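Structure record follows, encoded as structure tokens.
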Protein chains: 2
Amino acid sequence: MPRKSSNTGETGEVAASHAIGTVARRTGIKVPTIRYYESIGLLREPVRTEAGRRVYDDAAVSRLKFIRHARELGFEIEQIRRLLELAGEPQGSCAEIDKIAKAHLADIDSRIARLKALRVEMQHMISECAHGKVCECRILEVLSNHSYCQHDKH
Amino acid sequence: MPRKSSNTGETGEVAASHAIGTVARRTGIKVPTIRYYESIGLLREPVRTEAGRRVYDDAAVSRLKFIRHARELGFEIEQIRRLLELAGEPQGSCAEIDKIAKAHLADIDSRIARLKALRVEMQHMISECAHGKVCECRILEVLSNHSYCQHDKH
DNA sequence: CCTACATTCTCTAGTGACTAGAGGAGCAAG
DNA sequence: CTTGCTCCTCTAGTCACTAGAGAATGTAGG
């Protein structure tokens with residue numbers, strides 16, 4: 001029966017342990033970022049080998065996968081911290097989780113709306129450019145004078 | 001005939017001069033930000049009064065309005081720096097201006113696309129939440145396991 | 001056993017575009 | 001002359017990392 005390195009227990013089930021580089025490969029999070037997450041308390045300090053190297057178990061890998069996925073979806077670190085905290089109380093209500101997710105959705109919506117407005121403005125500006133000399137460039141002119149704009153939301 | 005403070009010329013036309021606070025009010029850029037723009041070389045160092053206070057002319061106000069508007073449209077400082085440089089050569093071709101603007105438009109488009117994909121993911125995740133206990137929460141489950149996702153672009 | 005090379009360690013500093021605050025001086029009005 | 005506003009410089013903080021230096025440890029091949 002094959003065993004992973006540095007198994008500490010004598011029981012039948014042996015928890016797998018991984019070096020930071022392995023964890024980085026398995027989660028898609030870079031090594032310095034993992035250490036950074038530890039430094040801000042998002043990830044618990046792992047045990048160390050005698051030489052001082054970090055050793056992670058599978059739970060830490062899962063946690064990091066969660067963090068990565070949430071980051072990819074645009075959640076902020078503090079939101080993720082709260083989500084992880086809530087996940088630690090399985091019998092609690094998921095109302096706050098829902099609330100955080102909905103707030104994030106609203107945030108995404110407002111960013112989309114804003115970018116769409118910018119897009120209209122940019123498109124308009126570019127379409128008026130006659131590709132001539134700088135002194136005749138409508139792009140610069142519009143940038144110089146807000147009153148040419150369609151919206152004043154920005 | 002009313003005159004602005006500290007006029008330095010004896011000619012008929014007198015250049016208006018403004019304190020930094022006035023400029024901030026007229027451009028909508030905060031005082032520390034104006035000083036910041038000066039520190040990074042985006043805005044030329046203005047003349048000073050004997051006591052060391054910054055004094056701006058109308059050209060500086062126009063430049064700051066340009067900067068503000070471009071920032072509002074999402075241009076980066078370095079892009080704005082280049083646009084201002086190009087604006088300084090009125091007989092040159094506006095091809096590069098057009099190019100910068102189009103690159104920015106493409107950037108906006110890709111951000112919109114990305115946010116829309118995130119939106120779909122978030123919406124999906126939230127709609128599956130049954131508002132029960134944390135241990136049954138689909139949101140946490142999806143966050144834990146990327147394979148539930150529709151896309152793997154993120 | 002020795003030698004490469006890879007991996008890991010800690011620490012500091014840099015990114016972008018500001019923002020906040022301390023501590024001090026100038027200036028105009030009452 | 002005092003009150004209160006504006007202005008000055010300087011440092012440090014924000015967010016979520018990323019880059020790099022310099023040293024130690026681990027591993028594979030000869």
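Model, not experiment: these values are computed from the prediction.
Taking atom OH on A:Tyr36 and atom P on D:dT18, their separation rounds to 10 Å, with Å as the unit. Atom-to-atom, CD1 of A:Ile34 to P of D:dT18 comes out at 11 Å; the value is rounded to the nearest Å. Rounded to whole Å, atom P of D:dC10 lies 12 Å from atom CD of B:Glu38. Taking atom CZ of residue B:Arg48 and atom P of nucleotide D:dC8, one finds them 6 Å apart after rounding to whole Å. In this structure, CZ of A:Arg81 is placed 13 Å from C1' of D:dC15, rounded to the nearest angstrom. The NE2-P distance, from B:His18 to D:dC7, rounds to 13 Å in whole Å. As rounded to whole Å, 18 Å separates atom C1' of D:dC7 from atom NZ of B:Lys30. Summarising the geometry, the separation between CD1 on A:Ile40 and P on D:dT18 is reported as 12 Å, rounded to the nearest angstrom.
In 5' to 3' order, the nucleotides of DNA chain C bounding all contacts with chain A (an atom under 4.0 Å from a heavy atom) are C:dT7 to C:dT10.
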Taking it one step at a time, do B:Gln79 and B:Ile100 satisfy side chain to side chain contact (heavy atoms under 4.5 Å, CB included)?
-> CA-CA 7 Å; B:Gln79 291 176 318; B:Ile100 292 172; 4.1 Å; yes

Full working for salt bridge (charged side-chain N to carboxylate O under 4.0 Å, His left out) between B:Glu141 and B:Arg138 | CA-CA 5 Å; B:Glu141 209 170 320; B:Arg138 285 286 297 165; 3.4 Å; yes

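For D:dT18, the OP1/OP2 oxygens have a side-chain nitrogen or oxygen of A:Thr33 closer than 4.0 Å.
With hydrogens and angles ignored, no donor-acceptor pair closer than 3.5 Å exists between the side chain of B:Arg35 and the base of D:dT9.
Residues B:Glu78 and B:Ala51 each lie close to DNA chain C; by heavy-atom proximity, the contact nearer the 5' end of the strand is made by B:Glu78. Checking A:Pro32 against A:Glu50, the closest nucleotide of DNA chain D that is more toward the 5' end is the one next to A:Pro32.
Donor-acceptor pairing under 3.5 Å is recorded for the side chains of B:Asp58 and B:His18.
Within 4.0 Å of B:Arg71, counting heavy atoms only, lie sugar-phosphate atoms of the nucleic acid but no base atom. At the heavy-atom level, B:Tyr37 lies under 4.0 Å from the strands shown only through sugar-phosphate atoms.
Closest to the side chain of B:Arg54, out of D:dA16, D:dT9, D:dT25, is D:dT9.
Annotation: B:Phe75 is in aromatic contact with B:His104 [ring centroid separation under 6.0 Å].
Once rounded to the nearest 0.5 Å, the distance linking CG of B:Asp98 with CD1 of A:Ile139 reads 4.5 Å.
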Could you list the donor-acceptor pairs under 3.5 angstrom formed between side-chain atoms of residues 80-87 of chain B and any protein atom two or more places apart in sequence or on another chain?
residue, atom, partner, partner atom, Å
B:Arg81, NE, B:Glu78, OE1, 3.0
B:Arg81, NE, B:Glu78, OE2, 3.4
B:Arg81, NH1, B:Ile40, O, 3.1
B:Arg81, NH1, B:Gly41, O, 3.4
B:Arg81, NH2, B:Ile40, O, 3.0
B:Arg81, NH2, B:Glu78, OE2, 3.3
B:Arg82, NE, B:Glu96, OE2, 2.6
B:Arg82, NH1, B:Glu85, OE1, 2.5
B:Arg82, NH2, B:Glu96, OE1, 2.9

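By the salt bridge (Lys or Arg N to Asp or Glu O under 4.0 Å) test, A:Asp107 is found to be paired with A:Arg111, residues two or more places apart in sequence or in another chain being considered.
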